[in-house]
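A quick note: this is a predicted structure, and the numbers were derived from the prediction, not measured. Nothing fancy with the numbering, it's 1 onward along the sequence.
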Amino acid sequence: MQTIRTHIPALVLSVILLTACNGEAEAPLVASDVVISEPPPGRAMSAGYLTLRNNTNSVIRISGVDSPQFGFVEIHETRLENGVAKMLLVPELLIPAQSSISLQPGGKHLMLMRPIGAPEDISLSFYDDETLLISVRAPMTRRNN
């Protein structure tokens with residue numbers, strides 16, 4: 001079930017971001033290289049990959065991600081256990097101060113499940129509890145058949 005989030009923290013964060021972006025300062029959290037894969041034939045899930053850069057002097061915590069184009073989004077990690085690849089739920093993602101973390105195939109990644117309609121452009125919102133940290137948009141990457 002998709003969680004409905006309050007917009008007041010987003011407004012507060014927007015003011016903080018605008019203040020932080022004054023002059024040459026960078027936004028506290030920046031997303032780049034966003035790729036959302038098309039679901040495999042017959043499957044109702046996509047994978048999402050991106051890099052998140054923390055430009056602050058404090059750890060940034062991501063406790064949830066959602067998208068209006070999907071029923072729910074989870075952060076997963078692929079791990080090899082006894083030679084078998086397993087996907088494990090990651091309850092929170094911590095991005096160290098002044099560092100980047102990459103969500104990529106074979107490691108931590110987003111699982112976007114239960115698409116709503118046939119999405120072309122995907123919106124992702126990253127939260128720390130109820131506080132919106134960043135929203136990004138990316139086109140769905142089509143498979144070459």
Side-chain angles (χ1 to χ4, degrees), residues 1-40 43-81 84-144:
M1 178 168 85
Q2 188 170 345
T3 304
I4 298 173
R5 311 279 184 167
T6 178
H7 295 289
I8 293 173
L11 179 61
V12 172
L13 183 63
S14 295
V15 171
I16 292 169
L17 289 174
L18 287 173
T19 303
C21 291
N22 188 13
E24 295 296 314
E26 292 183 274
L29 184 62
V30 176
S32 62
D33 305 320
V34 181
V35 175
I36 309 296
S37 65
E38 179 179 39
R43 304 294 300 266
M45 66 182 74
S46 296
Y49 311 106
L50 70 154
T51 298
L52 292 165
R53 171 85 187 149
N54 176 355
N55 293 315
T56 73
N57 292 322
S58 301
V59 172
I60 290 179
R61 175 181 170 262
I62 296 173
S63 61
V65 183
D66 68 22
S67 172
Q69 292 83 24
F70 289 86
F72 60 99
V73 180
E74 294 178 345
I75 303 169
H76 285 191
E77 181 173 17
T78 303
R79 288 197 189 158
L80 280 177
E81 293 182 8
V84 178
K86 294 185 177 190
M87 272 197 293
L88 305 171
L89 179 66
V90 176
E92 66 181 15
L93 190 60
L94 300 176
I95 308 169
Q98 299 296 325
S99 296
S100 295
I101 190 163
S102 292
L103 304 181
Q104 57 193 8
K108 291 184 176 95
H109 58 279
L110 299 177
M111 290 303 304
L112 299 94
M113 296 172 259
R114 297 189 191 144
I116 298 168
E120 293 291 324
D121 288 324
I122 309 303
S123 298
L124 296 170
S125 296
F126 294 80
Y127 294 90
D128 180 0
D129 292 328
E130 297 297 316
T131 302
L132 176 66
L133 299 173
I134 190 172
S135 290
V136 298
R137 274 187 88 74
M140 176 89 63
T141 302
R142 299 289 175 204
R143 296 181 179 280
N144 295 328

Original post:
Sequence neighbours excluded, which residues qualify as side chain to side chain donor-acceptor pair (under 3.5 Å) partners of N55?
Top reply: R53
Original post:
Between L88 and V90, is any pair of side-chain heavy atoms under 4.5 Å apart?
Top reply: no
**OP:** Could I get the full list of side chain to side chain donor-acceptor pair (under 3.5 Å) partners for S135, not counting sequence neighbours?
**Re:** S125
Original post:
Would a distance-only check, ignoring hydrogens and angles, find a side-chain to backbone donor-acceptor pair under 3.5 Å from S37 to S46?
Top reply: no
Subject >> Any residue meeting salt bridge (Lys or Arg N to Asp or Glu O under 4.0 Å) with R79, in chain and number order, not counting sequence neighbours >> reply: E77
Original post:
Which distance, rounded to the nearest 0.5 Å, do you find between the CD of E81 and the NZ of K86?
Top reply: 4.5 Å
Original post:
If you measure from CG on D66 to CZ on F72, what distance do you get to the nearest 0.5 Å?
Top reply: 12.5 Å
**OP:** Of all the heavy-atom pairs spanning A85 and T78, show the shortest one and how long it is.
**Re:** CB-CG2, 4.1 Å
Original post:
How far does CG of L29 sit from CD1 of I60, to the nearest 0.5 angstrom?
Top reply: 4.5 Å
Subject >> Approximate separation, where rounding is to 0.5 Å, of M111 CE and M87 CE >> reply: 4.5 Å
**OP:** For the residue pair F70 and I116, establish whether any side-chain heavy-atom pair is separated by less than 4.5 Å.
**Re:** no
Subject >> Side-chain heavy atoms of D129 within contact of R61, under 4.5 Å >> reply: yes
**OP:** Please round to the nearest 0.5 Å and tell me the distance separating atom CD1 of I36 and atom CD of E120.
**Re:** 13.5 Å
**OP:** Please work out whether the ring planes of H109 and Y49 are parallel, tilted or perpendicular, with thresholds of 30° and 60°.
**Re:** tilted
Original post:
Ignoring hydrogens and geometry, is there a side-chain-to-backbone donor-acceptor pair from N54 to P96 under 3.5 Å?
Top reply: yes
Original post:
Would you call I122 and S67 a side-chain contact if the rule is heavy atoms closer than 4.5 Å?
Top reply: yes
**OP:** Can you sort out the partners of S100 under side chain to side chain donor-acceptor pair (under 3.5 Å), two or more places apart, ordered by chain and number?
**Re:** none
Original post:
Which one of V73, V136, I75 satisfies the side-chain contact (heavy atoms from CB on, under 4.5 Å) criterion with F126?
Top reply: V136
Subject >> Exam field: side chain S99 to backbone A97, donor-acceptor pair closer than 3.5 Å >> reply: yes
Original post:
Going by heavy atoms in the side chains, are P119 and M140 under 4.5 Å from each other?
Top reply: yes
Original post:
Given side chains that start at C-beta, do those of L93 and L52 come closer than 4.5 Å, heavy atoms only?
Top reply: yes
Original post:
I134 versus I62: any side-chain heavy-atom pair under 4.5 Å?
Top reply: no
Original post:
How long is the span from the CD1 atom in I101 to the CG atom in L50, to the nearest 0.5 Å?
Top reply: 10.0 Å
**OP:** Can you sort out the partners of S102 under side chain to side chain donor-acceptor pair (under 3.5 Å), two or more places apart, ordered by chain and number?
**Re:** T51
Original post:
So, for T141 and V35, which heavy atoms are closest and what is the spacing to 0.1 Å?
Top reply: OG1-CG1, 3.6 Å
**OP:** May I ask you to decide if S123's main-chain N or O and Q69's side chain share a donor-acceptor pair within less than 3.5 Å?
**Re:** yes
Subject >> Residues that E74 engages under salt bridge (Lys or Arg N to Asp or Glu O under 4.0 Å), provided they are two or more places apart >> reply: none
